[in-house]
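The structure appears right after this line, and notes come after that.
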Amino acid sequence: MTIRREMRQGSKMVLGAALCGCFAALVFGAGCNRQAPADTRAADAQAIRDLDSQWSKSAAAHDVDGTVSYYSDDAVVLPPNGPMLTDKQAIRAGWAGMVGPGRNVSWQTTKAEAAASGDIAYTMGTYSLTMQDAQGKPVSDRGKYLCVWKKQADGKWKAVQDTWNSDLPVAVPEAPASKNMKKK
């Protein structure tokens with residue numbers, strides 16, 4: 001009897017170990033069968049490139065509200081020669097000065113890239129701006145920009161960081177005539 005009892009207990013232990021091994025194999029196998037998320041970088045980059053093009057068209061059409069609509073609610077704009085714009089009201093005021101009547105602004109994306117995570121991307125490119133000076137003469141500027149985009153909770157891409165700067169040299173004011181200059 002003792003031998004039979006030991007055999008039954010041994011069988012139960014072997015059966016228990018086999019069941020544990022099968023369970024571990026199932027859990028491991030289920031983990032191995034997970035598929036990596038689809039790589040959407042190319043599609044995301046194209047979506048951002050398309051949005052950037054539409055955004056430029058809004059600015060060229062002097063549509064301030066349309067232009068500002070591409071920013072997230074927490075966006076920060078870093079314009080050249082001015083303070084950071086950290087809320088929609090300040091961003092709107094900044095753009096109103098650039099896309100109003102008598103002003104022409106446009107930009108062209110030269111690179112758009114999205115992260116593998118699918119939630120952040122950037123665009124960079126060139127811009128041109130023409131406006132009138134105080135005497136009504138046209139003044140032109142051209143330069144480059146960099147914009148960081150973030151996918152929002154609703155799945156839409158919005159600009160979260162935006163900056164640009166001129167390719168033109170800084171205008172240096174003429175120095176006043178020296179007091180030590182001799183009169184002729």
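Just so it is clear, the model here is predicted, and its values are computed rather than measured.
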Nearest 0.5 Å, please: how far is [atom2] in [Y] from [atom1] in [X]?
X      : Y      : atom1 : atom2 : value
Gln54  : Thr67  : CD    : OG1   : 12.0 Å
Met98  : Arg103 : CE    : CZ    : 10.0 Å
Asp74  : Gln161 : CG    : CD    : 8.5 Å
Thr123 : Tyr145 : OG1   : OH    : 4.5 Å
Asp52  : Lys111 : CG    : NZ    : 14.5 Å
Tyr122 : Glu113 : OH    : CD    : 4.0 Å

Cluster check Val148, Leu78: I/L/V/M/F/W/Y, side chain < 4.5 angstrom: no

Same cluster (ILVMFWY, side-chain, under 4.5 Å), Leu146 and Ile120: no

Please output the side-chain donor-acceptor pairs of residues 124-131 that fall under 3.5 Å, not counting sequence neighbours, one pair per line with the distance.
| residue | atom | partner | partner atom | Å |
| --- | --- | --- | --- | --- |
| Tyr127 | OH | Asp141 | OD2 | 2.8 |
| Tyr127 | OH | Ser166 | N | 3.4 |
| Ser128 | OG | Ser106 | OG | 3.4 |
| Thr130 | OG1 | Ser140 | OG | 3.4 |

Aromatic contact, Trp55 with Tyr71 (centres under 6.0 Å): yes

Distance-only donor-acceptor check, side chains Asp50 and Gln46, under 3.5 Å: yes

Thr86 and its side chain to side chain contact (heavy atoms under 4.5 Å, CB included) partner, picked from Gln89, Lys88, Met84: Met84

Test: Lys57 and Asp63 ion pair at under 4.0 Å: no

Ion pair Asp167/Lys144, N-O distance below 4.0 Å: yes

Heavy atoms of other groups near Arg41 CZ, more than 12 under 6.0 Å: no

Nearest heavy atoms of Val105 and Trp95, plus distance in Å: CG1-CZ3, 4.5 Å

Minimal non-hydrogen separation, Cys147 against Asp162, with atom names: CB-OD1, 3.9 Å

Check: Ala75 main-chain N/O paired with Ser72 side-chain donor or acceptor under 3.5 Å: yes

